[in-house]
Amino acid sequence: MLKMELFEILCGIGVTILALYYYLTSTFDFWKIRGVRGPQPIPGFGNVKDVMFNKTFMGDYLTKVYNAYKSEQIIGIFNGRTPVLIVKDPELIKNILIKDFTLFANRGLPTFKKAEPLSQHLFALRTKIWRPLRMKLSPVFTSGKLKGMISLISECSDHLIQYMERAVNGNEPIECRELTAKYTTDVIGSCAFGINMNALSNEDSEFRKMGRKVFNRSPDRMLRVKIRESFPWFYENVLGYVLPESDVTKFFTRVVVDTMNYRETNNITRNDFVDALRELRNHPDKLNEIDMTDSLLTSQAFVFFGAGFETSSTTISNALYELALHKNIQDKLREEIDKAYEKHSGDLKYENIKEMNYLDRVFKETLRKYPPATFLMRESTSNYTFDGTKVSVPKNQIVWIPIYAIHRDPHNYPKPDEFDPERFTEEAEQSRHPMVYLPFGDGPRKCIGARFAVYQTKFGLVKILRHYRIEACEKTPIPYVNDPKAFLLAPKDGIHLKLIKISRS
């Protein structure tokens with residue numbers, strides 16, 4: 001009798017293991033059936049085990065796969081058990097982002113109203129809500145509006161130099177990512193929200209603290225991410241009612257709602273991002289019956305703040321890193337900056353920054369080599385067959401466009417590991433396919449704040465290089481190693497550089 005019970009238990013365990021194995025591998029013939037090549041997946045992990053365990057940065061992994069299948073236009077991998085299509089071919093990318101945009105209008109990211117109220121932002125929202133919101137918020141980022149913000153950006157860049165006067169101490173290296181993050185935090189606060197965030201003047205700035213928390217990779221945060229990815233229904237419909245609101249959610253909701261209410265009460269108009277949100281709240285009828293909740297409105301401010309300060313500060317610090325390693329490029333750029341200062345009596349405006357061709361090349365080459373978002377995500381809205389292939393994918397198919405790998409493909413950019421601003425002369429740019437340079441994406445879902453990001457980054461670089469020489473030191477990361485734990489591209493141990501004050505008579 002005992003042997004029979006033991007046999008039944010063992011059989012039950014065996015059946016459970018087989019059922020679990022079948023579940024974990026049941027999708028693994030997805031790409032083989034469609035004739036798409038790709039690496040062999042592992043049950044439970046697919047092809048991203050090292051990424052899941054923070055051993056490899058996702059941008060590095062996708063580059064490895066990209067290079068392993070050089071002759072392929074598309075590659076099939078698995079994120080866990082979910083089939084993901086990596087698209088390499090520029091023409092197919094153009095179809096996805098532009099020509100057939102309506103068939104790939106979503107990014108395939110979930111939103112969680114209960115568990116993560118601030119996930120309801122433009123970056124993740126599906127077409128029905130994204131489209132009208134994008135249309136209403138886009139006017140905030142026109143060139144005309146940006147011209148009106150330049151004086152505020154310039155003022156923040158002056159505060160940056162004042163802060164550096166205190167922070168730069170002899171030959172001691174400075175961690176540039178934190179330095180530049182304080183600057184971009186203040187710029188966004190001033191230009192988009194009409195708030196003095198005090199990140200440069202106050203070491204205890206609450207906005208800077210919250211900015212760090214947005215991209216925090218603490219164990220409890222990563223556990224939430226794993227649960228969210230593996231069990232989305234449970235995460236939203238069970239944990240969403242149990243988990244307390246995060247500090248970040250409470251803080252941003254309070255700040256955005258209080259700012260809107262204060263302006264409403266005191267009849268204040270600034271024609272900035274907050275006023276655009278006020279307009280949406282006061283006239284919800286213009287948005288096809290979308291429920292304009294406080295969390296939906298705050299989500300838009302939250303993503304602009306988070307993405308805006310982090311991507312631009314990373315770009316400034318990466319540019320400083322390369323300029324420290326390439327003195328000739330730094331000197332040439334400083335010469336252009338000095339000439340612009342002399343020509344315009346030190347009062348640089350929107351048009352003056354726009355005229356600085358070499359600055360533009362350095363900026364573009366920085367984003368070529370170090371795109372903050374290393375891949376784009378899209379999701380098909382219907383069945384789709386890729387032009388010139390026999391490959392068809394079903395509705396809701398996840399597609400990744402590996403920007404980092406494309407930017408470092410020697411076919412697109414010879415000697416891609418070298419930093420060479422001459423890749424972005426007008427002639428050189430015209431010689432390349434437009435889809436091999438995608439730091440801001442492209443098409444209707446291109447980064448809404450791209451123009452703003454360009455100018456806050458350029459202004460910061462101009463002011464720093466006008467007043468300081470940048471040099472490498474013993475703590476400078478050579479070579480540059482990507483942080484495997486980072487969501488956006490970042491160096492493993494920060495960027496430490498020596499900043500040497502330039503004496504001007």
Side-chain angles (χ1 to χ4, degrees), residues 51 56-75 77 85-94 96-98 307 310-323 325-326 329 359-378 399-443 445-447 450 453-454 457 477 479-484 486-492 495:
V51 175
T56 301
F57 178 58
M58 180 62 88
D60 289 329
Y61 170 71
L62 293 179
T63 301
K64 180 182 175 182
V65 174
Y66 181 102
N67 292 332
Y69 294 85
K70 289 183 183 296
S71 61
E72 301 298 321
Q73 293 178 294
I74 51 181
I75 307 164
I77 67 168
L85 189 66
I86 299 174
V87 179
K88 296 173 55 180
D89 182 78
E91 278 301 314
L92 297 184
I93 292 171
K94 183 178 180 181
I96 292 166
L97 299 182
I98 302 172
E310 178 70 9
T311 55
S312 293
S313 64
T314 296
T315 301
I316 297 172
S317 56
N318 285 333
L320 295 176
Y321 172 80
E322 288 291 347
L323 293 172
L325 300 182
H326 299 87
I329 297 175
L359 172 64
D360 189 58
R361 293 177 200 172
V362 169
F363 171 78
K364 287 178 176 177
E365 174 67 348
T366 302
L367 285 178
R368 193 278 305 173
K369 196 171 179 185
Y370 306 100
T374 55
F375 65 103
L376 298 176
M377 302 173 66
R378 291 294 186 268
V399 173
W400 289 355
I401 299 168
I403 302 172
Y404 186 79
I406 291 168
H407 285 192
R408 294 193 176 222
D409 184 340
H411 177 74
N412 301 325
Y413 300 95
K415 299 181 180 178
D417 292 333
E418 292 186 6
F419 186 81
D420 181 10
E422 298 309 311
R423 299 182 201 274
F424 290 94
T425 62
E426 187 175 346
E427 183 181 6
E429 286 188 283
Q430 289 177 353
S431 70
R432 290 189 296 265
H433 195 291
M435 294 298 109
V436 301
Y437 185 71
L438 296 166
F440 296 108
D442 210 327
R445 283 201 93 142
K446 182 178 180 179
C447 174
V454 169
T457 300
Y480 189 111
V481 177
N482 297 326
D483 184 355
F487 174 66
L488 298 175
L489 185 143
K492 190 173 181 181
I495 294 179

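This one's a predicted model, so the numbers in the text were calculated from it and none came from an experiment. These numbers come from the heavy atoms of this one structure, side chains and all, not from hydrogens, waters or symmetry mates.
- A side-chain donor-acceptor contact under 3.5 Å links Asn412 to the backbone of Ile406.
- A distance of 5.5 Å separates CG in Leu438 from CD1 in Ile403, rounded to the nearest 0.5 Å.
- Atoms NZ and CG, on Lys364 and Leu359 in that order, are 11.0 Å from each other to the nearest 0.5 Å.
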>> Pair Ile93, Leu376 - check side chain to side chain contact (heavy atoms under 4.5 Å, CB included), show working.
In response: CA-CA 10 Å; Ile93 292 171; Leu376 298 176; over 6 Å; no
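- With Lys369 contributing its side chain and Pro416 its backbone, the two residues share no donor-acceptor pair below 3.5 Å.
- Salt-bridge check for Lys64 with Asp60: failed, with every basic side-chain N at 4.0 Å or more from each acidic carboxylate O.
- Geometrically, Arg408 engages Tyr370 in a cation-pi contact defined by less than 6.0 Å to the ring centre and at most 45° from the axis.
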>> One pair to check against side chain to side chain contact (heavy atoms under 4.5 Å, CB included): Ile495 and Asn318. What are the steps and the verdict?
In response: CA-CA 8 Å; Ile495 294 179; Asn318 285 333; 3.3 Å; yes
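- A distance of 13.5 Å separates NZ in Lys94 from CD1 in Ile96, rounded to the nearest 0.5 Å.
- Arg361 approaches Pro421 most closely through the heavy-atom pair CB-O, 3.4 Å.
- Of the possible polar contacts, none joining the Tyr404 side chain to the Leu489 backbone as a donor-acceptor pair under 3.5 Å is found.
- Residue Tyr69 qualifies as enclosed at atom OH: its count of foreign heavy atoms under 6.0 Å is above 12.
- For the pair Tyr480 (side chain) and Glu322 (backbone), a donor-acceptor distance under 3.5 Å is absent.
- A donor-acceptor distance shorter than 3.5 angstrom exists from the side chain of Lys88 to the backbone of Tyr66, with no hydrogens or angles considered.
- Below 30°, between 30° and 60°, or above 60°: for Trp400 and Phe375 the angle between ring planes is between 30° and 60°, a tilted geometry.
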> When you look at Val65 and Ile77, which way does the side chain to side chain contact (heavy atoms under 4.5 Å, CB included) test go after all the steps?
Replying inline: CA-CA 9 Å; Val65 174; Ile77 67 168; 4.2 Å; yes
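- At distances below 3.5 Å, not a single donor-acceptor pair connects side-chain atoms of Arg368 with backbone N or O atoms of Asp420.
- Here the straight-line distance linking atom NE2 of His411 with atom NE2 of His433 works out to 10.5 Å at 0.5 Å rounding.
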> For Tyr437 and Arg432, what are the C-alpha separation, side-chain angles and deciding distance, and is it a side chain to side chain contact (heavy atoms under 4.5 Å, CB included)?
Replying inline: CA-CA 9 Å; Tyr437 185 71; Arg432 290 189 296 265; 5.7 Å; no
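- With values rounded to the nearest 0.5 angstrom, Thr425 atom OG1 is found 11.5 Å from Arg423 atom CZ.
- Remark: of the listed residues Val51, Thr63, Thr374, Thr374 is the sole one forming a side-chain contact (heavy atoms from CB on, under 4.5 Å) with Phe57.
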